[in-house]
Structures are given as structure tokens and as C-alpha cells.
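In what follows, a structure is listed as C-alpha cells, so that the remarks can point back to it.
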Amino acid sequence: WKTILNGNGALSMLTNRNLQRTRPTATSLTMETAMTFDNNNIFARIIRGEIPCHKVYEDEHALAFMDIMPRCDGHTLVIPKAPVRNILDATPEQLAATMRTTQRISRAVMSAFRAPGVTIQQFNEAAGGQVVFHLHVHVLPRRVDERLRPHTGEMAPREVLDRHARQIQAALAAAND
């Protein structure tokens, strides 16, 4: 997973072919290298404000924003602000704060997208499907008989992500009234 800013300040993704060449294999990782945190991962850079995001919610411990390659309308990511690689090196307090925000966002996306259900996904290490090595939780509003879109690496239009973020923000505001 390589992300770069193009001349317009928008995020651009390298191709899956390039990704396959650069992604470490499970056998090439030792436990020592597997548990290091890269302070320049895309999510750490978003937290520092170096890269823009479609922010939905933020508190002192967590940040929620739209996934730029959504598998469904309303696909949101929740990340801790702490430098945590994944669930394996997070403290119980970091996990609790992340899950509190995940629950709050789950309720909001279900309301905003009139979804009767929600799928929560979280991956750990390359062998477990983790691509960005900063703890993150996928929140996907779901409907019966509606399949998730395939993960193609194609980014959603900015206007769509902005609209979805506003819908979730409105649901969060309504929940606080």
C-alpha cells in the first residue's frame, strides 16, 4: 500500500501489481519487524494533518473518517490517535477508546444510511490481511442481500465522500440532541 499526493493535493494509489512487489510476505517477517510502528504510515500522517481526510468524528483518543476506497456507501474507518500498529500491541485502554468510537460511529452510519445492520472488520499483520500498519477498524453499514463492492483500489469521488461524511456527522449530531 503506497499512497502519494499528486500535484493537486489528492491522494493517488500505486497499482496492485506494484503493491504485490513491495508488500512483505508472511515468511519474510520476523516477530521483531512485524511489531514495529511506522510513524510515516498514511494514517499517522492523516492524524498529524499532513494528508487530508473526510473527517467524520474526532476526540482526544480517536479519529473517524471515510474510507477513500469504500466497499459500500458510508464505509468509515476508526483509528486511535496513539501510535499503535494493530490490536496485538495496543493497550487495553487504547482498544477501549477505539471501540467506544467504533460503537458511536456504527450507530451513526446505520442511522445515516438507514441500514439495519453493520459489519465491523479489523485485520492484524500481513498474514491477517492488514495493509496499513496502524490499528484501524472498518465500519460498514449493511443491508440484507446487498453485497459489498470489491476492493479494486479505485478511489471514490471526493464529492461522494464529502456527502457521506456530512450524513454521518448529521446522524452524530442528532444522537447528541
Side-chain angles (χ1 to χ4, degrees), residues 1-3 11 13-14 16 19-20 23-26 29 34-35 37-38 41-47 51 53-59 61-156 160-161 163-165 167-169 171-172 175:
W1 169 286
K2 295 282 186 182
T3 305
L11 294 173
M13 307 305 295
L14 294 180
N16 282 338
L19 177 66
Q20 290 169 351
R23 181 184 297 157
T25 64
L29 293 175
M35 296 305 288
F37 181 80
D38 175 9
N41 74 67
I42 186 77
F43 296 158
R45 294 181 68 200
I46 288 172
I47 290 167
I51 296 177
C53 70
H54 303 272
K55 188 187 313 184
V56 170
Y57 173 83
E58 182 174 17
D59 63 24
H61 301 289
L63 175 66
F65 53 94
M66 304 309 301
D67 191 311
I68 61 171
M69 295 178 282
R71 308 263 335 263
C72 64
D73 290 351
H75 182 170
T76 306
L77 298 174
V78 177
I79 64 173
K81 288 184 172 180
V84 177
R85 182 178 170 96
N86 56 40
I87 199 170
L88 303 172
D89 68 343
T91 67
E93 295 78 19
Q94 291 165 332
L95 289 174
T98 302
M99 290 313 291
R100 274 192 300 275
T101 300
T102 299
Q103 182 182 50
R104 173 179 260 173
I105 297 302
S106 296
R107 290 174 176 155
V109 300
M110 287 178 66
S111 174
F113 293 91
R114 295 182 176 89
V118 64
T119 294
I120 305 299
Q121 294 179 324
Q122 197 280 312
F123 305 97
N124 299 282
E125 295 303 330
Q130 187 176 12
V131 177
V132 178
F133 293 92
H134 186 118
L135 176 62
H136 59 286
V137 180
H138 296 262
V139 180
L140 303 106
R142 300 297 302 276
R143 290 177 187 76
V144 176
D145 297 327
E146 186 175 278
R147 296 179 63 123
L148 293 175
R149 294 188 288 261
H151 194 286
T152 62
E154 189 172 321
M155 294 191 316
V160 171
L161 296 173
R163 184 177 70 246
H164 290 173
Q167 285 176 250
I168 297 167
Q169 290 164 348
L172 286 166

Would you say [X] and [Y] make side-chain contact, with heavy atoms under 4.5 Å?
X: Thr101; Y: His61; answer: no
X: Leu77; Y: Val137; answer: no
X: Val56; Y: Met66; answer: yes
X: His134; Y: Pro80; answer: yes

What distance separates [X] [atom1] from [Y] [atom2], expressed to the nearest 0.5 Å?
X: Ile42; Y: Ile68; atom1: CD1; atom2: CD1; result: 7.0 Å
X: Leu95; Y: Arg100; atom1: CG; atom2: CZ; result: 10.5 Å
X: Ile79; Y: Ile47; atom1: CD1; atom2: CD1; result: 3.5 Å

- request: Please name all residues satisfying side chain to side chain contact (heavy atoms under 4.5 Å, CB included) with Ala156, sequence neighbours left out, ordered by chain then number.
  value: Pro70, Leu161
query: Of all residues at least two apart in sequence or in a different chain, which pass the side chain to side chain contact (heavy atoms under 4.5 Å, CB included) check with Cys53?
result: Ile46, Lys55, Phe65
message: Applying side-chain contact (heavy atoms from CB on, under 4.5 Å) to Asp67 and Thr76, what does each step give before you reach the verdict?
response: CA-CA 5 Å; Asp67 191 311; Thr76 306; over 6 Å; no
Could you report the tightest heavy-atom contact between [X] and [Y], atom names first, then the distance?
X: Asn86; Y: Gln130; answer: ND2-OE1, 3.0 Å
X: Gly74; Y: Ile168; answer: O-CD1, 4.0 Å
X: Ala126; Y: Phe133; answer: N-CE2, 3.8 Å
X: Phe123; Y: Gly128; answer: CD2-O, 3.3 Å

query: Does Tyr57 have any ring pair (Phe, Tyr, Trp, His ring centres under 6.0 Å) partners at least two apart in sequence or in another chain, and if so, which?
result: none
message: List the residues meeting salt bridge (Lys or Arg N to Asp or Glu O under 4.0 Å) with Arg163, not counting sequence neighbours, and say none if there are none.
response: none
side-chain hydrogen bond (donor to acceptor under 3.5 Å, both in side chains) partners of [X], counting only residues at least two apart:
X: His136; answer: none
X: Gln167; answer: none
X: Asn124; answer: Gln122

- request: Please collect all salt bridge (Lys or Arg N to Asp or Glu O under 4.0 Å) contacts where either partner lies in residues 71-84, sequence neighbours excluded, each pair once.
  value: Glu58-Lys81, Asp73-Arg149
query: Tell me, which pairs form a salt bridge (Lys or Arg N to Asp or Glu O under 4.0 Å) where one or both residues lie in residues 137-147, sequence neighbours left out?
result: Arg143-Glu146
query: What pairs meet the ring-ring contact (aromatic ring centres under 6.0 Å, His included) rule with one or both residues in residues 97-119, with sequence neighbours excluded?
result: Phe113-His164
field: Listed once per pair and sorted, the ring-ring contact (aromatic ring centres under 6.0 Å, His included) pairs that draw on residues 69-104, sequence neighbours left out
entry: His75-His138
- request: Scan for side-chain hydrogen bond (donor to acceptor under 3.5 Å, both in side chains) pairs involving residues 106-115, sequence neighbours excluded, and state none if there are none.
  value: none
